[in-house]
2 protein chains.
Amino acid sequence: MSETRILIVDDHPLFRRGVRQLVEMDPGMTIAGEASNGVESVEAAGQLDLDLILMDLNMANVDGLEALRQMRSNGVDTRIVMLTVSDADDDVVAALRAGADGYLLKDMEPEDLLARIKEAAEGKLVISPQLAAILAGIVSGGRAAPADALSSLTSRELDILRALARGMSNKMIARRLDITEGTVKVHVKNLLKKLGLRSRVEAAVWAVNHEVS
Amino acid sequence: MSETRILIVDDHPLFRRGVRQLVEMDPGMTIAGEASNGVESVEAAGQLDLDLILMDLNMANVDGLEALRQMRSNGVDTRIVMLTVSDADDDVVAALRAGADGYLLKDMEPEDLLARIKEAAEGKLVISPQLAAILAGIVSGGRAAPADALSSLTSRELDILRALARGMSNKMIARRLDITEGTVKVHVKNLLKKLGLRSRVEAAVWAVNHEVS
DNA sequence: GCGTGGCTACCCCCTAAGAGGTAGCCAGAT
DNA sequence: ATCTGGCTACCTCTTAGGGGGTAGCCACGC
């Protein structure tokens, strides 16, 4: 089998150069292309014959997560590993859920990083060890949101959450609580953020599972 | 207090006449208007000064349920009682959820019907006794959908329901099951109908409560 | 052979939902 | 007296969701 062909996606030229140098230290891998934003990366993924994509998260003009999603919905089944500075729960979870095959932090030791990249190319799911705690929390909780997240909610947000757990729409909640639908939206938005969830459906399921009633 | 002013909504002139005659046997009540379809009824509800609306379900040009919803979202707080032939679970549940103050079947004895209409005008929630079993089922289940509703789902619909119970979006489900988002929508639509639910949130909550996993 | 149910996919159309932002009001803390 | 957090309300913008319909394909039963 020939060399492993890799695409680097990062908005920082110097960083790309660093990665290129690191990767090409290994005779089995080569950088087949570079992209400096999400749009370019999606195009490149469609044109180049790739084995692995190293994708940054924070980029102007379509960020890494969105680029990942677009590629997956375009049917791209190349292995895609996020390579970013962000160790935020949300980012990790979102990337993995969107179909990333790995999530590596940029502050890893170069040798370590290289080893992980090789593993990723071989089909392994690679994750920076620092992220273990986050993942454990997600797995054990069944879902995001630390156990004490409930107590961070205001009483009004709890009202809304309880209504969500009963399947009510924003409009119904508004009528029941005698506030405007817009205000309900604000509360839903805020409680989703506090709980680290992404939709009212997740919130409703979470509430039922945590016996919020 | 003056007479109770009533609006009859039904697409059948003869039926309206019958109701009018029945209602006006009572000196305390008068028919303030008639409408033969949903559109007319919504207009009438906005113009006339009404105490009670008797609404049929099956009508062309906006059915009774939809008319009810429109009135409620227009801020109409007149008492609205459905008067229909349908004893289908779905219809009863949908009407009550949409804000109906009663649900009467057309095959009631006239005297009985008149008595119920008077009660409704007085603010009571009136329901034909034949519907008791349906309502009991709904209450005990905590939510609509008879106990055997689950078995009416196809295996694919069960797949989708399980995914819903995990809070997934249509797009995520599509990716996971390797079908298009449109197809997922079709399955969601169908399972909602089978379960008598109105949104994916209700479906998710229902699934969690019924331990669909 | 034919019909039926299940799965898939697409169409149009409209509403619901959610992300951003600004802002007024109030109560409790400093 | 000022600040902060909570609740309310509004704005815009974009995507997600759901109702309606048609239709092809396949496996099953009759």
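Letters A, B, ... are given to chains in the order of the sequence lines, protein chains preceding strands, and every chain is numbered from 1.
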A:Ala203 meets the side-chain contact (heavy atoms from CB on, under 4.5 Å) criterion, sequence neighbours left out, with A:Leu161, A:Leu164, A:Leu191, A:Leu192, A:Leu197
**Asked** Does the side chain of B:Arg156 get closer than 4.0 angstrom to OP1 or OP2 of C:dC7 through an N or O atom?
**Response** no
Among D:dA16, C:dG6, C:dA16, the one nearest any side-chain atom of B:Lys171 is D:dA16
Less than 4.0 angstrom from a charged side-chain N to a carboxylate O is my criterion; do B:Lys106 and B:Asp56 meet it?
yes
Here the distance between atom P of D:dG17 and atom CG of B:Leu192, to the nearest Å, is 12 Å
B:Ile173 CD1 to D:dG17 C1', in whole Å, measures 11 Å
One would report the end-axis bend of the helix from C:dG1-D:dC30 to C:dT30-D:dA1, five pairs per end and rounded to 10 degrees, as 40°
**Asked** Does B:Ser169 place a side-chain N or O at less than 4.0 Å from the phosphate oxygens OP1/OP2 of C:dA17?
**Response** no
> Does a nitrogen or oxygen in the side chain of B:Ser199 sit under 4.0 Å from OP1 or OP2 of C:dT15?
Replying inline: no
- Spell out, as yes or no, whether a donor-acceptor pair under 3.5 Å connects the side chain of A:Arg5 to the backbone of A:Ala32. no
Rounded to the nearest 0.5 Å, the CG atom of A:Asp51 sits from the CD atom of A:Glu122 at a distance of 12.0 Å
Rounded to the nearest 0.5 angstrom, the CZ-CE distance for B:Arg200 and B:Met168 is 10.0 Å
Rounded to whole Å, the NZ-P distance (B:Lys193 to D:dG19) equals 9 Å
Could you list all N or O pairs between the protein and nucleotides 24-30 of chain D that sit under 3.5 Å apart?
none

In whole angstroms, the gap separating C1' of D:dC7 from CG of A:Asp178 amounts to 14 Å
Taken to the nearest whole Å, CG/A:Leu153 to P/D:dG5 is 16 Å
Residues passing the side-chain hydrogen bond (donor to acceptor under 3.5 Å, both in side chains) test with A:Arg20, sequence neighbours excluded, are A:Glu34
Would you say C:dA16 has OP1 or OP2 under 4.0 Å from some side-chain N or O of A:Asn170? no
By nearest-heavy-atom nucleotide on DNA chain C, the more 5' of B:Ser155 and B:Val201 is B:Ser155
Tested for side chain to side chain contact (heavy atoms under 4.5 Å, CB included) against A:Val81, the lone hit among A:Leu54, A:Ile127, A:Ile6, A:Ile117 is A:Leu54
Practice task
Dump the intermediate steps for side chain to side chain contact (heavy atoms under 4.5 Å, CB included) on B:Ile8 and B:Ile31, then the final yes or no.
Solution key: CA-CA 7 Å; B:Ile8 308 177; B:Ile31 299 300; 3.6 Å; yes
Taking A:Arg198's backbone N and O only, do any of them form a donor-acceptor pair with A:Glu202's side chain (distance below 3.5 Å, no angle check)? yes
| Donor-acceptor under 3.5 Å (A:Arg79 side chain, A:Leu52 main chain) | no
**Request:** Would you check, one step at a time, whether the test side chain to side chain contact (heavy atoms under 4.5 Å, CB included) holds for B:Ser128 with B:Arg116?
**Result:** CA-CA 9 Å; B:Ser128 283; B:Arg116 298 301 172 141; over 6 Å; no
B:Leu158 atom CG is separated from C:dC7 atom C1', nearest whole Å, by 15 Å
Here the distance between atom P of D:dG18 and atom CD of B:Glu202, to the nearest Å, is 10 Å
Between CZ of B:Arg200 and P of D:dG17 the distance, given in whole Å, is 4 Å
Shorter than 3.5 Å, N or O on both sides, protein versus nucleotides 26-30 of chain C: list them out with atom names.
none

Under a 4.0 Å heavy-atom cutoff, the residues of residues 179-190 of chain A touching DNA chain D are A:Ile179, A:Thr180, A:Thr183, A:Val186, A:His187
Rounding to 0.5 Å, atoms NE2 (B:His187) and CG (B:Asp159) come to a distance of 8.5 Å
Rounded to the nearest 0.5 Å, the CG atom of A:Asp107 sits from the OG1 atom of A:Thr84 at a distance of 10.0 Å
- For A:Asp101 and A:Ile80, indicate whether the former's side chain and the latter's backbone hold a donor-acceptor pair under 3.5 Å. yes
